[in-house]
Amino acid sequence: MSQTQTTISVILKDGTKKEIPTGSTGLDLAKSISNSLAKKSVGLSVNGELQDLVTVLKDGDRVEIITQDDERSYEFLRHSSAHVLAAAVQNLFKSAKIANGPAIEDGFYYDFEIRDHQLTPEDLLKIEKEMQRIVDEEQKFLQVKVENPDKQIEEFKKIGEKFKAENLNEHKDHNPTLYLLQKDGKTTWNDFCKGPHITTSKQIKAFKLLSISGAYWHGDETREKLQRIYGTSWWSKEDLDAYINRLEEAEKRDHRKLGRQLDLFSIQDETGPGLILWHPKLAFVRTQIENFWRELHSKNGYELVYTPHIARNELWNISGHNEFYKENMFYMNIDDQEYVLKPMNCPFHVKIFDSTRHSYRDLPIRLAELGTVYRYERSGVMHGLARVRGFTQDDAHIFCRKDQFVDEIKGVIKLVDEIYSKFGLEYSAELSTKPKDAIGSNENWEFAEAGLMEALKGYGLNYQLNPGDGAFYGPKIDFKLKDAIGRVWQGATIQLDFNLPQRFDIKYTDKDGSQQQPVMVHRAIFGSLERIAAVLIEHFAGAFPLWLSHKQVIVLPITDRHLDYANKIATALKEKNVRIEIDTRAESVNSKIRDAELEKIPYMIIIGDNEARENNISVRARKKGDLGKFNLEDFIVKIEKEISEKSI
RNA sequence: GCCGAAGUAGCUCAGUGGUAGAGCAACGGUUUUGUAAACCGUAGGUCGUCAGUUCAAAUCUGAUCUUCGGCUCCA
């Protein structure tokens, strides 16, 4: 072409067009806008795809320059950090073969097969050192097109990189690229990868390797066993330190640790794994939560029921659990008959519904139960209170007509909102739709999915859509909880069920006298009391709000001669149903305060000569410290308000 | 279930082949104390369990149970 274009035009984030010389990279573009922007830039989003900063731009590209302030920049940093990790490991362990190394939330990992070496924590230090060496050498990340994939696959195979060969083979029709790490123009290492990456290893300012664990190639336990190294990487030392602090804070809040420290619960060898012993303090918290739950459900039109812990095999044949849930169920033999320890409450609730005939006027019927269920969980998956083999679901099943369905779902969402906000838990919703192996008619699924969406929208709730993630028997809404330090937990779930009504053939009599099948909704708000206890322990760092606290107030007399006055105060508070104790030990006040703080008792009342003389009390609040002098009456008003409002 | 690590006093941890240790908690005594730890003393363990090697095992080997970090799965 004789008329070579000397400039091209790209479209920036704000929609403006910019002329740049042909052959310009994203970095050139950034420089042309401002030097400070160029300094901060990490990568690009070109037409919606993340690309290297040095990608050559084409005419008409929509370009967004991604700087370190952009969340997406971590994708570049962490994925590149993973490559540096892989290069370091291969430098140190000659037999190491690399598998996969993505960026993950807050960090990255890389999987290796190392036949002749089992990685140890000491290795991590060595590997970090080698990584730092690569970083300091300012090696360049360079993306090159694989011109001849088959030849490249052969080359990978020849050097034993079978995972890379397999990956490339899978992607050979998708413009495969290699990434090279280069020092002084010489390639030191390469990986098959589509990117994106940072420009040079020097940009990795602060990283740390965190742990080693096992994994399988492609997550498939029949495939090769791999060793995985987890790490984290940040744009600055300060960010890394802040992250490490966050990890430490989370560790301090770990409900398993606090459970022991605060004498909340235990799991013991003799009683068995995944089976919880609720000690008095946590049992008290649970009772308070249960009472709150029962009250709220009664108020919202639910009827409370109780059902047995075991049932004949027959029930589970009808429900289909023996077919679909067998590997999670505990079986037992009684009088030559097979019984099952219940893994779910739903078949019982269906049987209650089915025990009488129902008119369309009776619906909706909402049956609720704090039902304890047992599920066989694989031995490696148990986790404190959060993942156990015996747990109590705050379960309910709604049987309603099609025309009532949307309102019922809205009602559940409202309840979820009401309960979570009481604990100061933020939440988000996810809608999972029809999977491949679904049962039930398309018509039913469409009706149900549309209804769930309508209910979510009607409640003004944003949600993430997970296509194909629903249960085989119906679509569902999951709620994710966010605790005080931003961690996410599985919370409430609302599931539609086309299966059980059919299997149990439940019916109601409609206006025109015809028999109709009700819509059935499963829902749990806490999910399980065990899990919500774990969430709340970590959310409150063990410092439960006043209304949940087993011990609400402790009286700390300064010396023995203040015991009488302390008793008077304690008696007065006890009459108001305040849960109160007196620390009568011959210890210093400082020591008593320390113990009360460690025990996380919400209020301390300190009684000495001054208080006895002035006929008042000194109040100290947990964590906040001295609140000063109070009249007893004023203090009672204050805490009664706090309790009745369930303040947090 | 799989890969790896660990299990010593109520708790946190030290002890790597030769008589089981510390701090805190508990218990006894002294101290009578003003907003996060007074002092002295006492007691407490067949070192997860079962086998094995050895003159001798917390320590080495094997099995097993449990826990932890992941994988997979899930409320």
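Residue numbers start from 1 in every chain, and the chains themselves are labelled A, B, ... in the order their sequence lines are given, proteins ahead of strands. Only this structure's heavy atoms are used, side chains among them; waters, hydrogens and symmetry mates stay out.
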- If you look at every strand shown and take non-hydrogen atoms under 4.0 Å, does R375(A) touch a base, only sugar-phosphate, or nothing? base
- Aromatic stack Y230(A)/G70(B): centroid gap under 5.5 Å, interplanar angle under 30°: no
- Query: Is the distance from OP1 or OP2 of U35(B) to the nearest side-chain N or O of R594(A) less than 4.0 Å?
  - Reply: no
- Query: With distance as the sole criterion, do the side chain of N590(A) and the base of U35(B) form a donor-acceptor contact below 3.5 Å?
  - Reply: no
- Message: Nearest whole Å is fine: how far is U12(B) P from K252(A) NZ?
- Response: 17 Å
- side-chain N/O S379(A) vs G1(B) OP1/OP2, d < 4.0 Å: yes
- Donor-acceptor pair under 3.5 Å, R531(A) side chain vs C74(B) base: yes
- Message: Please confirm whether the shortest side-chain N or O distance from R378(A) to OP1 or OP2 of C74(B) is below 4.0 Å.
- Response: no
- So what does F479(A) hit on the nucleic acid, given a heavy-atom distance under 4.0 Å: a base, only sugar-phosphate, or nothing? nothing
- Query: R256(A) side chain N/O closer than 4.0 Å to the phosphate oxygens (OP1, OP2) of G69(B)?
  - Reply: yes
- Scan S591(A) against the nucleic acid and name what it touches under 4.0 Å (heavy atoms): base, sugar-phosphate only, or nothing. sugar-phosphate
- At under 4.0 Å between heavy atoms, what does D626(A) touch on the DNA or RNA strands: base, sugar-phosphate, or nothing? base
- Message: Quiz question: going by heavy-atom distance under 3.5 Å, is there a donor-acceptor pair between the base of A36(B) and the side chain of R620(A)?
- Response: yes
- Task: Tell me what G214(A) touches on the nucleic acid: a base, only sugar-phosphate, or nothing, going by heavy atoms under 4.0 Å.
- Result: base
- P atom, G62(B) versus A20(B): distance in rounded Å? 25 Å
- Item | Rounded P spacing from G45(B) to U61(B) in Å | 28 Å
- Item | Protein-nucleotide distance (K592(A), atom NZ; A38(B), atom C1'), rounded to Å | 13 Å
- With heavy atoms under 4.0 Å as the rule, sort N328(A) into base, sugar-phosphate or nothing. nothing
- Among the nucleotides C3(B), A75(B), G69(B), whichever has the atom closest to the side chain of S213(A) is G69(B)
- Query: How would you label the contact of D395(A) with the nucleic acid (heavy atoms, under 4.0 Å): base, sugar-phosphate, or nothing?
  - Reply: nothing
- Would you mind reading off the distance between K257(A) atom NZ and C11(B) atom C1', rounded to a whole angstrom? 12 Å
- Item | Closest nucleotide among U72(B), G34(B), U67(B) to the P273(A) side chain | U67(B)
- Taking the six-membered ring of Y109(A), is the NZ or CZ of R228(A) close enough (under 6.0 Å from the centre) and on axis enough (within 45°)? yes
- Please give, in whole Å, the distance from U67(B) P to I267(A) CD1? 7 Å
- What orientation do F284(A) and H550(A) show, parallel under 30°, tilted 30 to 60°, or perpendicular over 60°? perpendicular
- Message: What's the closest nucleotide to the side chain of V381(A) if the choices are U33(B), C71(B), G34(B)?
- Response: C71(B)
- Message: Among G69(B), G34(B), A75(B), which nucleotide has an atom closest to any side-chain atom of R387(A)?
- Response: A75(B)
- Item | Pair D483(A) + R253(A): basic N to acidic O under 4.0 Å | no
- Task: Could you measure between the two P atoms, the one in U33(B) and the one in A26(B), and give it in whole Å?
- Result: 22 Å
- Reckon M382(A) touches a base, only the sugar-phosphate, or nothing at all at heavy-atom distances under 4.0 Å? sugar-phosphate
- Are R622(A) and E597(A) within salt-bridge range, i.e. N to O under 4.0 Å? no
- Query: Is the distance from OP1 or OP2 of C71(B) to the nearest side-chain N or O of Y109(A) less than 4.0 Å?
  - Reply: no
- With C1' as the reference atom in both, quote the distance from G52(B) to G17(B) in angstrom, rounded to an integer. 16 Å
- Query: Contact class for G625(A) (heavy atom, under 4.0 Å): base, sugar-phosphate, or nothing?
  - Reply: nothing
- Message: Please report the distance, rounded to the nearest Å, between CZ in F630(A) and C1' in U35(B).
- Response: 15 Å
- Message: Taking pairing as Watson-Crick or G-U wobble with both contacts under 3.5 Å, can you name the mate of C60(B), or confirm there isn't one?
- Response: G52(B)
- Task: Nearest-nucleotide wise, let me know which of D269(A) and K225(A) is further upstream toward the 5' end of RNA chain B.
- Result: K225(A)
- Message: Against the six-membered ring of Y74(A), is R78(A) placed for a cation-pi contact (under 6.0 Å from the centre, within 45° of the normal)?
- Response: yes
- Message: Among K164(A), K225(A), K162(A), exactly one meets salt bridge (Lys or Arg N to Asp or Glu O under 4.0 Å) together with E113(A). Which residue is that?
- Response: K162(A)
- Message: Classify Q261(A) by what it touches in the nucleic acid, base, sugar-phosphate, or nothing, heavy-atom distance under 4.0 Å.
- Response: nothing
- C1' atom, U66(B) versus A56(B): distance in rounded Å? 29 Å
- Task: Could you check which nucleotide pairs with G7(B) in any of the strands shown, counting Watson-Crick or G-U wobble with both distances under 3.5 Å?
- Result: C65(B)
- Item | Interatomic distance at P, A57(B) relative to G1(B), whole Å | 32 Å
- Item | Side-chain donor/acceptor contact of E611(A) with base of G34(B) under 3.5 Å | yes
- Item | Protein-nucleotide distance (F324(A), atom CZ; C74(B), atom P), rounded to Å | 15 Å
- If you measure from the C1' atom in G44(B) to the same atom in U8(B), how many Å do you get, rounded? 14 Å
- Separation of C71(B) atom C1' from E113(A) atom CD, nearest Å, is 16 Å
- Task: Assess K342(A) against F348(A): is NZ or CZ under 6.0 Å from the centre of the six-membered ring, and within 45 degrees of the ring's axis?
- Result: yes
- Task: Kindly indicate whether the side chain of E377(A) and the base of A75(B) share any N or O donor-acceptor pair separated by less than 3.5 Å?
- Result: yes
- Query: Checking all strands, does E597(A) fall into the base, sugar-phosphate, or nothing category for heavy-atom contacts under 4.0 angstrom?
  - Reply: base
Solution key, residues 528-535 of chain A side-chain donor-acceptor pairs under 3.5 Å, sequence neighbours excluded:
residue : atom : partner : partner atom : Å
S528(A) : OG   : E530(A) : N            : 3.4
S528(A) : OG   : R531(A) : N            : 2.9
E530(A) : OE1  : T392(A) : N            : 2.9
R531(A) : NE   : A386(A) : O            : 2.9
R531(A) : NH2  : A386(A) : O            : 3.0

- Task: Give one of base, sugar-phosphate or nothing for V388(A), where a contact means two heavy atoms less than 4.0 Å apart.
- Result: base
- Task: Please state the P separation for the pair G69(B) and U30(B) - nearest whole angstrom.
- Result: 47 Å
- Nearest to side-chain heavy atoms of R260(A), which nucleotide of C11(B), U33(B), G1(B): C11(B)
- May I ask you to check if K624(A) and Y603(A) form a cation-pi contact, with NZ or CZ under 6.0 angstrom from the six-membered ring centre and within 45° of the axis? no
- Task: Check every atom of G69(B), U72(B), U32(B) against the side chain of A586(A) and return the nucleotide holding the closest atom.
- Result: U32(B)
